[in-house]
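Taking it in order: structure first as C-alpha cells, then the write-up.
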Amino acid sequence: MAWTSRREWVETTGQGGIAVNRGPSLQSGVRGRFLAAPRGPWATVEDADWLSWTWQQQNRVRTLEEIGSVIRLTDGERHAFGESNRMFRVGITPYYASLMHPTDLECPIRRQSIPTLGELLMSPEDRRDPLAEDADSPVPGITHRYPDRVLFYVTHNCPVYCRFCTRKRKVSDPSMAARFQQLEDGLAYIRANPSIRDVVLSGGDPLSLSDEKLEWIISELRRCAHVEVIRIGSRNLVTLPFRITDAFVDVLRRYQPIYFNTHFNHPRECTLEAFDAAAQLADAGVVIGNQTVLLRGVNDRWEIVKELVHKLLLMRIRPYYLYQCDLAEGLSHFRTPIETGIGIIEKLRGYTSGLAIPQFVVDLPGGGGKVPIGPEYVISHVGRVWRFRNYRNAEFVYVEADGL
Ligand SMILES: *Cc1c(COP(=O)(O)O)cnc(C)c1O
C-alpha cells in the first residue's frame with residue numbers, strides 16, 4: 001500500500017510510523033507537517049519488512065535494472081553507472097530511493113545517489129585523499145589532526161553511497177573493512193593519549209554496525225577517563241531512519257553525553273520517518289547536529305537552505321556546519337564557488353533565528369583543517385573605533401574603552 005498522506009499512514013498503521021513516539025514530547029501540530037515516504041515500487045512490501053533496518057540494508061538498490069524500476073534513467077546515467085560502479089559502488093536503501101521523483105532529472109535525492117557523467121571527470125585540482133586524512137593517521141582507522149579530538153573509522157559501509165563522498169577512496173570497498181584488530185588498535189591509541197577528550201565515530205556510517213559492536217566500542221571509550229565527548233557521525237537519520245530503534249537508543253542512553261551529527265542536505269529528506277527517529281534520539285537526551293555539504297544543483301540556493309534549517313529545528317536538530325564541497329575525485333560537477341556559501345549565510349544572518357544558522361567552513365585541502373568563512377561585517381577598524389555594517393547594510397560604530 002502506498003501512503004499518500006500522513007493521515008492515511010497513521011490511520012492504517014495505528015501509529016505514527018516506525019519509531020513509536022510515546023512521550024509527552026510528541027507534538028502533533030509540528031509532527032503533522034512532516035510526510036511519510038511514499039514507498040513507490042515497494043508499496044506491497046509488508047510493514048514488518050519495510051520498517052526493518054536489516055531488510056532495508058539487504059534490499060538495497062544496486063543494479064541498473066533495480067534502479068530502472070524506480071526512475072527512468074537517461075543514457076548518460078546508464079553509462080556513468082557502469083563506469084563509476086567499479087570505483088565507487090552504487091547502493092541506495094529502498095526508503096531513500098522511494099523519495100526520488102520518478103521523472104525529474106534534477107531531483108535532489110536522485111542527484112545525490114545516482115551517478116552522472118560528471119562523476120567520471122577528473123579535474124586537475126582533484127585529490128584522492130583531499131583532506132590528507134591518511135597522512136594524519138597514527139594508526140589505521142584514526143585521524144588525529146587537532147590537539148584534543150580524533151576521527152575513529154569503525155566501518156567502511158553505508159546504507160546509501162552518496163555520490164559526493166569525500167572518502168570514496170575507501171568507503172564501500174570491502175578490502176577496507178575495519179577488522180577487529182583495527183578497532184582494538186584504534187582504542188589502544190585513544191587509551192594511550194590522554195589529550196584526546198572528544199572522539200568522533202565515523203566511517204563509512206558507524207550505524208552499519210550492530211548494536212552489540214557499537215556498544216562495545218562506546219563502552220570502551222567511556223572507560224577512558226580522558227574521553228569526555230563521544231560523537232557519532234551518521235547519515236542514517238536521512239538514509240535509513242528505521243535504524244534508530246528502541247534498543248539502539250537504550251544503548252546511547254547508558255553512555256551519555258553522546259552527540260549525534262547527521263547529514264541532511266535538502267528539505268525533501270525531512271520526512272515523518274526522519275522526524276520520528278530524531279525525536280527518539282532527542283528524547284534520550286542525545287544532542288543532534290547537522291552537517292550539510294553545499295552541492296551544485298542540489299542545495300546551492302539560499303531558499304533551499306533556509307527551508308532545510310527551519311525543518312531541522314522543528315526536528316530538534318541544530319544546524320552545525322555548512323561545508324564547501326571538497327576536492328575529492330570526480331566531484332567538480334558538484335562544486336559551487338565559495339561565494340555561494342558566503343551568500344547563503346548572508347541571506348540567513350539577521351533574517352532568521354541564529355539557532356538556524358550553520359557555520360560555513362572550508363575543510364582545507366592537504367590537511368589544514370576546517371576554517372570558518374562568512375560575510376564581512378567589519379568595514380574598518382582604526383584605533384578604538386570599529387565600523388560595522390549590519391545585515392541590512394546600515395552602518396554602525398562601536399568604540400572600545402580607552403586605555404585597554
Ligand atoms: C572535522 C574533524 C574533526 C571534528 O571537528 P570539529 O570542528 O570539532 O567538529 C576532528 N578531526 C578531523 C580530522 C576532522 O576533519
Side-chain angles (χ1 to χ4, degrees), residues 127-156 158 162 164-171 176 178 182-183 185-187 189-207 217-218 221 224 226-235 237 257-265 281 286-295 309 312 317-329 331 338 341 345 355-374:
R127 301 171 182 223
R128 203 174 134 71
D129 179 9
L131 309 176
E133 291 172 328
D134 297 341
D136 277 343
S137 179
V139 295
I142 295 267
T143 295
H144 193 174
R145 167 164 307 150
Y146 298 107
D148 67 342
R149 54 210 190 278
V150 293
L151 298 185
F152 186 12
Y153 311 106
V154 297
T155 173
H156 68 293
C158 293
C162 310
F164 51 88
C165 182
T166 184
R167 233 169 258 150
K168 62 181 177 183
R169 68 185 182 280
K170 43 188 184 183
V171 167
M176 290 290 180
Q182 179 174 320
L183 295 175
D185 293 348
L187 288 168
Y189 179 82
I190 293 166
R191 279 185 209 113
N193 284 273
S195 61
I196 300 170
R197 44 162 291 288
D198 178 358
V199 176
V200 184
L201 298 183
S202 187
D205 196 310
L207 268 59
I217 295 168
I218 294 171
L221 291 173
C224 299
H226 53 276
V227 174
E228 297 177 352
V229 169
I230 298 173
R231 295 196 239 181
I232 299 176
S234 168
R235 209 180 181 208
L237 276 186
I258 304 277
Y259 289 74
F260 194 101
N261 261 3
T262 189
H263 180 167
F264 287 85
N265 281 336
L281 287 173
V286 175
V287 180
I288 317 173
N290 186 69
Q291 316 195 154
T292 294
V293 182
L294 259 187
L295 298 169
V309 293
L312 291 173
I317 300 174
R318 172 80 160 85
Y320 180 58
Y321 282 145
L322 177 66
Y323 283 102
Q324 173 69 12
C325 181
D326 65 35
L327 300 183
E329 288 173 333
L331 304 195
I338 286 180
I345 300 298
L355 271 179
I357 305 175
Q359 182 91 62
F360 179 45
V361 294
V362 182
D363 211 338
L364 298 175
K370 300 175 182 71
V371 293
I373 42 174

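In listed order, ligands and their atoms are each counted from 1.
Of the N or O atoms in Tyr321, one or more lie within a sub-3.5 Å distance of an N or O in ligand 1. Considering backbone and side-chain atoms together, Arg149 places an N or O closer than 3.5 Å to an N or O of ligand 1.
At the shortest separation from atom 9 (O) of ligand 1 among protein heavy atoms lies Tyr320 OH, 2.6 Å. Looking only at heavy atoms of the protein, atom 10 (C) of ligand 1 is closest to Tyr146 CD1, 3.6 Å. The closest protein non-hydrogen atom to atom 12 (C) of ligand 1 is Leu151 CG, 3.6 Å.
Here CG of Asn261 is found 11.0 Å from CZ of Arg318. Values are rounded to the nearest 0.5 Å. To the nearest 0.5 angstrom, Phe264 atom CZ is 8.5 Å from Ile288 atom CD1. Here OG of Ser202 is found 11.0 Å from CD1 of Ile232. Values are rounded to the nearest 0.5 Å. Between the CD atom of Gln324 and the CG atom of Leu295 there is a distance of 10.0 Å, given to the nearest 0.5 Å.
Salt bridge Arg235/Asp205: absent, no basic N to carboxylate O contact under 4.0 Å. The pair Arg169-Glu133 meets the salt-bridge criterion, with a side-chain N (NZ, NE, NH1 or NH2) lying under 4.0 Å from an Asp/Glu carboxylate O.
The side chain of Lys370, and not its backbone, has at least one atom closer than 4.0 Å to an atom of ligand 1 (non-hydrogen atoms only; side chain from C-beta on).
Remark: ligand 1 atoms within the under-4.0 Å shell around heavy atoms of Thr143 are 13 (C).
Heavy-atom distances between Arg231 and ligand 1 reach below 4.0 Å in at least one pair.
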